[in-house]
Amino acid sequence: MIYTLTEQEVWAANDWVERKLRVKDTHDIRDKKFDRNNTSQGVSLIGIMGEIAGCRALRTEPNLQVMIGGDDGRDCKAFGLSWQIKTSGLRALIFNSAGDFVADAALLVRHLADKHSVADDPTFEIIGGVSRKRFLRTHFLHDYGYGERLVLNADDLTPLDKMLSGGVR
């Protein structure tokens with residue numbers, strides 16, 4: 001499924017990033033970004049836009065509250081489950097560690113535009129999801145140049161249409 005954010009959603013995403021950066025500056029919070037080729041603002045914008053697209057695909061509302069120290073990792077609730085929306089330019093669901101997968105399930109969203117122009121072309125592919133239990137049982141390790149990460153390829157995720165009709169596995 002392809003989802004393009006509306007003008008209002010792009011505005012909300014930019015507003016969220018600005019509020020997040022102000023909170024970080026005010027409280028001297030250090031950034032933990034992992035993309036050497038993008039700014040903190042750019043990484044945050046792609047992430048929140050992916051969350052908005054993913055939540056819309058799951059037929060629920062995104063949480064656009066900014067919290068000191070960030071949220072608990074659960075991005076939304078849908079179908080009786082808590083969800084983490086993971087946005088990437090890759091067709092792979094990636095977690096830094098097993099402890100970072102805190103929700104019941106995760107949804108992979110891929111941004112289709114160049115990461116430096118995502119605000120001009122806010123188009124995302126909703127790839128699919130997986131339960132935490134299945135992810136932890138079937139992932140593999142891969143080093144993208146900054147340490148090993150837990151990975152599951154897109155082909156091993158449950159496609160969105162199957163999730164919407166029969167649940168996530």
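Along the sequence shown, residues carry numbers from 1.
Note that CD1 of I48 and OG1 of T87 are 8.5 Å apart. Values are rounded to the nearest 0.5 Å. Rounded to the nearest 0.5 angstrom, L107 CG and K86 NZ are separated by 12.0 Å. For the atom pair CG (L150) and CG (N96), the distance works out to 9.0 Å, reported to the nearest 0.5 Å. Expressed to the nearest 0.5 Å, how far SG of C76 lies from CG of N63 amounts to 9.5 Å. To the nearest 0.5 Å, atom NZ of residue K20 and atom CD of residue Q65 are 14.0 Å apart. Atoms CG and OG1, from L5 and T123 in turn, are 8.5 Å apart once rounded to the nearest 0.5 Å.
L93 is connected to L136 through a chain of hydrophobic side-chain contacts under 4.5 Å among Ile, Leu, Val, Met, Phe, Trp and Tyr, so both are in one cluster. No continuous path of hydrophobic side-chain contacts links I2 to V109 [ILVMFWY only; heavy atoms under 4.5 Å]. Follow the hydrophobic side-chain contacts under 4.5 Å out from L45 and you never reach L112; the two are in separate clusters. A continuous path of Ile, Leu, Val, Met, Phe, Trp and Tyr side chains, each step under 4.5 Å between heavy atoms, connects F140 with I94, placing both in one hydrophobic cluster.
Of all non-hydrogen atoms in T138 and R134, the two that sit nearest each other are OG1-O, 2.7 Å. Across T60 and A78, no two heavy atoms sit closer than the pair CG2-CB, 4.2 Å. Residues A92 and Y144 approach most closely at CB-OH, 4.2 Å, considering heavy atoms. The two residues G80 and D104 have their closest heavy-atom pair at O-OD2, 4.5 Å.
When side chains are defined from C-beta on, Y3 does not count as touching E125, because their heavy atoms never get closer than 4.5 Å. You'll find the side chain of S88 reaches within 4.5 Å of the side chain of L108, heavy atoms only. A heavy-atom distance below 4.5 Å is found between the side chains of V130 and L152. Side-chain contact check for I127 versus R91: some heavy-atom pair is nearer than 4.5 Å. Using a 4.5 Å heavy-atom threshold, the side chains of Q84 and R132 count as separate. Taking 4.5 Å as the limit, some side-chain heavy atom of W16 sits within range of a side-chain heavy atom of S44.
Neither side chain, S82 nor K77, offers a donor N or O lying under 3.5 Å from an acceptor on the other.
Judged purely by atom type and a 3.5 angstrom limit, N14 uses its side chain to pair as donor or acceptor with the backbone of V10. Looking at E9, its side chain does come within 3.5 Å of a backbone N or O of T6 through a donor-acceptor pair. Remark: side-chain polar atoms of D75 are paired, donor with acceptor, to backbone N or O of I85 under 3.5 angstrom. Checking side-chain atoms of D143 against main-chain N and O of Y146 turns up a donor-acceptor pair under 3.5 Å.
The aromatic rings of H111 and F124 sit perpendicular to each other, their planes meeting at more than 60°, with 30° as the lower class boundary. By the 30° and 60° cut-offs, the orientation of the rings of F79 relative to W83 is perpendicular.
Partner P159 forms a side chain to side chain contact (heavy atoms under 4.5 Å, CB included) with one of D155, D161, L157 and no other, that one being D161.
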Next on the checklist: Using the rule given for side chain to side chain donor-acceptor pair (under 3.5 Å), can you reason through S97 versus R149, listing the C-alpha separation, both sets of side-chain angles and the distance that settles it, and then say yes or no?
Outcome noted: CA-CA 6 Å; S97 70; R149 302 295 187 249; over 6 Å; no
